[in-house]
Amino acid sequence: MEKTTDSVREIGQLMSVAVAAVLFGSTMILSAVGPARASESIALASHDMAAPSRYLA
């Protein structure tokens with residue numbers, strides 16, 4: 001019984017470390033990318049553009 005609770009506790013700790021690592025990593029990625037700036041030119045989908053550039057804008 002004691003061995004089971006120890007393994008459950010260890011799995012719980014590993015899961016919490018994994019969640020913390022994912023949250024930290026996503027925070028670092030978002031801070032590196034940065035928010036979209038309003039001053040940048042926004043490419044709106046129009047008939048003049050090629051189809052792929054509409055989705056890549």
Side-chain angles (χ1 to χ4, degrees):
M1 181 72 181
E2 187 176 320
K3 199 172 206 177
T4 305
T5 54
D6 286 343
S7 64
V8 169
R9 181 175 294 144
E10 186 176 348
I11 290 172
Q13 288 176 347
L14 288 174
M15 291 293 286
S16 63
V17 168
V19 168
V22 168
L23 290 175
F24 181 74
S26 62
T27 302
M28 296 309 295
I29 290 171
L30 288 175
S31 66
V33 170
R37 294 187 182 132
S39 62
E40 292 179 358
S41 63
I42 299 172
L44 298 175
S46 67
H47 296 291
D48 298 337
M49 291 185 174
S53 63
R54 292 182 195 166
Y55 300 108
L56 295 175

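Atom set for the values below is all heavy atoms of this structure, side chains included, hydrogens, waters and symmetry mates excluded.
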For residues 8-15, which side-chain N or O atoms pair as donor and acceptor with protein atoms under 3.5 Å away, sequence neighbours left out?
none

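Through side-chain heavy atoms spaced under 4.5 Å, either directly or across other Ile, Leu, Val, Met, Phe, Trp or Tyr residues, Met28 is tied to Phe24. Taking Ile, Leu, Val, Met, Phe, Trp and Tyr as members and joining any whose side-chain heavy atoms lie under 4.5 Å apart, directly or through other members, the hydrophobic cluster of Val19 also contains Leu23.
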